[in-house]
Each structure stands twice: as C-alpha cells, then as structure tokens.
Amino acid sequence: MKVLIIDDSSVARKTIALTVETLGYAVIEAKNGTEGLNVLKEQSDQIALIMLDWNMPGMSGLEVLVEVRKDPQTNTIPVMMVTTEMERKNMVEAVKAGANHYLTKPFTPEDLSVRVLQCLGVA
Amino acid sequence: MNEVSSALYTSISEVMVQMAGEEALVRSPSAAEVATFHTAYFAHMDLVNEDKTPTGKWMEVYLNAESTIELVNRFIGFPDEGPTEEDNIDGVNELLNVIAGGVKARLAGTEDHFYLTVPTAANVSDKDQYPTACPPVINVIVEFEDGKYLVSYSI
C-alpha cells in the first residue's frame, strides 16, 4: 500500500516522504490538488493514506478533502491534514470536512511517524 | 516584548528546533547589521485579513547561500547529491510559511491577527538585496555560522 502526499512544496513532500518511507510504505507525490485527485482516480485501491497540505495555490487542501469525501471510490481512505494552520477553528473545519487526523507544522520526524502509524491503524 | 514580537520569537524558536533539529540563537539585529546583510535567497508573504483584503503588512525571510543549503539539507535528510536549486527556493518558502503559520496561530484573538497567503521565494544572488528594517515588514534573517544557527528578526 502507498501513501499519497499532496503538497505544493517539494521540500515538504521530500521531508514527509523521508519519514514515511522509513516506516516501510511507498510514497506517491502530487504537487497540487488536481494532480492528487487524478492519482486517486487511477490508483485509489492502492492508497492507504492521503497526507494533504492546506495552503496550496489553486485548490486548497480543504477543497481537495471535500472532493475526496464525495467520491465513493475514495471516501473511506484516511486523510491527514498536514499544515501550518494550527488554530483550533481550522482543525474543527478540517474534521467537519472529513479529515481523520490533523498534524501541524513544524513537526519532528517522530511526531510524523506516530501520526502516520495511528492513521494506518498500526499504532 | 509586544505580542507580535513574542509570537515571532516563539514561532522561530519552535521551527528551528523541530524542522532544523537544533536550537537557534534568536535575537533582534541592529539596523546596521540588517543594512549590510547580503541575501542569496528570500521569500515574501503578504499578510491579509479574513476576507482576503490586504492588511498592508508582509513578512519576509532572508538567507545567505550557505545557510540555505544547510537548512534545506536538514529538511530533506542530507541527500547525497545535496539540495537542488528548486529545493533551496522551495525550502525558503516552506520556512517562511511555517514561521508565519506559527505567528498567526499565536495572534488569534488579538487585533494583530492575520491570514496567510501563498509565499513566493527567489534566488537574488545576482542582485544586492538587503532586508528593509522599516515597518510594516516583518523580517527574519537566518544565518548558519560555526555549526550554529543565528536567527535575527525585526518588526
């Protein structure tokens, strides 16, 4: 199974991928919401977790999340919002839209590992 | 220390420990130091109101080349080939984004609260690009010297 990272920042994607790969999961990277949704259309059965940035050009992470939850092929895939938006009202908004977990930047690799394993039901 | 300054100080400290893996010396530089700092990479973010109208304020980060490469290497786990130019520009963007997000959260409920926009970064090595020390800019300068980070800010 694979983890889909949707983030406009290549450095953020690489940082997350580094930790996720050490946990033994393959990674697919998408640099915006549209690209991420296209990956999901083609490979939804292989995606165990979606890690989604909030603040992106074009579709925001929240808009991507709404689309993911609308689609019967993707609506059960766990979604973790990974974002600098650490205010409580943002977290509530994300959870209401269907996010399963919420991780705020900055985070340590250990924080990220724990959250990913929790999301995947192995911790 | 006012609320904005305190939020900035705390956010920078947290970002450096968690993203760069090291405590940084965080301080306010003198105007003379700001005026002579030679920038290689910088990123800019407009700060807006909830309805996306401009607040008239913005935040910028400035780094020299050595500091950028060291910082981005730490973000992406020291790949054998080192960071690419795209990584450097993107890493500076990410640094600003995370610092600004931390400041925003800490200012929630105050009259200084703002909303983020997508930051823009560039390599300006071929120009003389110095941080401006005048409000309404919030400036952050990151240097890496003798194995330690020195982060200066002015608001």
Side-chain angles (χ1 to χ4, degrees), chain A residues 5-23 25 27 29-35 51-64 81-94 102-115, chain B residues 7 10-22 41 43 45 48 50 52 59 68-69 71-79 81 83-110 113-121:
Chain A
I5 303 168
I6 307 175
D7 197 313
D8 61 307
S9 162
S10 68
V11 165
R13 292 196 305 272
K14 286 180 184 179
T15 304
I16 295 168
L18 197 67
T19 298
V20 171
E21 284 168 350
T22 61
L23 296 172
Y25 292 91
V27 161
E29 297 184 22
K31 62 179 182 293
N32 57 51
T34 306
E35 199 176 299
M51 304 189 65
L52 186 54
D53 182 30
W54 185 300
N55 191 21
M56 295 187 287
M59 287 181 87
S60 72
L62 204 60
E63 289 167 335
V64 175
M81 297 297 292
V82 184
T83 174
T84 59
E85 299 282 351
M86 62 169 81
E87 286 176 50
R88 193 168 295 275
K89 70 175 186 179
N90 296 117
M91 296 183 193
V92 171
E93 199 175 357
Y102 196 100
L103 180 63
T104 55
K105 299 176 188 175
F107 51 76
T108 63
E110 292 77 19
D111 294 334
L112 180 59
S113 297
V114 169
R115 291 301 182 87
Chain B
T10 311
S11 181
I12 293 169
S13 302
E14 185 180 76
V15 167
M16 296 310 289
V17 169
Q18 299 206 23
M19 290 179 71
E22 188 161 349
Y41 294 87
M45 176 189 282
V48 297
E50 187 169 11
K52 308 251 175 51
M59 187 180 291
T68 304
I69 292 166
L71 192 72
V72 175
N73 250 326
R74 286 169 183 250
F75 288 173
I76 62 177
F78 292 91
E81 65 279 14
T84 64
E85 177 66 1
E86 184 194 358
D87 289 336
N88 289 337
I89 290 175
D90 201 67
V92 174
N93 250 341
E94 184 70 0
L95 176 68
L96 174 58
N97 197 32
V98 180
I99 291 173
V103 175
K104 170 185 181 274
R106 289 176 174 86
L107 293 177
T110 74
H113 187 242
F114 55 78
Y115 286 79
L116 308 182
T117 57
V118 176
T120 309

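All values below were derived from every heavy atom in this structure, side-chain atoms included, with hydrogens, water molecules and symmetry-related copies excluded. So you know, we letter chains A, B, ... as the sequences are listed, proteins then strands, and number each from 1. Because the structure is predicted, anything quoted here is derived from the model rather than measured.
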- Message: Return the CD to CG distance between Q18(B) and D111(A), rounded to the nearest 0.5 Å.
- Response: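 One gets 6.0 Å once the value is rounded to the nearest 0.5 Å.
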- Item | Spacing of OG1 belonging to T84(B) relative to NZ belonging to K14(A), to within rounding of 0.5 Å |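 Nearest 0.5 Å value for the OG1-NZ distance: 4.5 Å.
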- Please check if the side chain of S10(A) supplies one atom and the backbone of D87(B) the other of a donor-acceptor pair under 3.5 Å.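 Checked: no pair found.
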- Query: With a 4.0 Å cut-off, would you call E86(B) and K31(A) a salt bridge?
  - Reply: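 Salt bridge: no.
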- Region of S11(B) in contact with chain A, defined by heavy-atom distances below 4.5 Å: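 Neither part, no heavy atoms under 4.5 Å.
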Side chains of residues 91-103 of chain B: which donor-acceptor partners sit under 3.5 Å, not counting sequence neighbours?
from, atom 1, to, atom 2, distance (Å)
N93(B), OD1, T120(B), N, 3.4
N93(B), OD1, A121(B), N, 3.4
E94(B), OE2, K105(A), NZ, 2.8

- Task: Please name the pair of heavy atoms, one in T84(A) and one in L116(B), separated by the smallest distance, quoted to 0.1 Å.
- Result: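 That would be OG1-CD1, 3.6 Å.
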- Query: Looking only at heavy atoms, which two atoms of S9(A) and D90(B) are closest? And how far apart?
  - Reply: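 Heavy atoms of S9(A) and D90(B) come nearest at OG-OD2, 2.6 Å.
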- Query: With side chains defined as the heavy atoms from C-beta onward, is the minimum distance between V118(B) and N55(A) less than 4.5 Å?
  - Reply: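 Yes, at least one pair of side-chain atoms sits under 4.5 Å.
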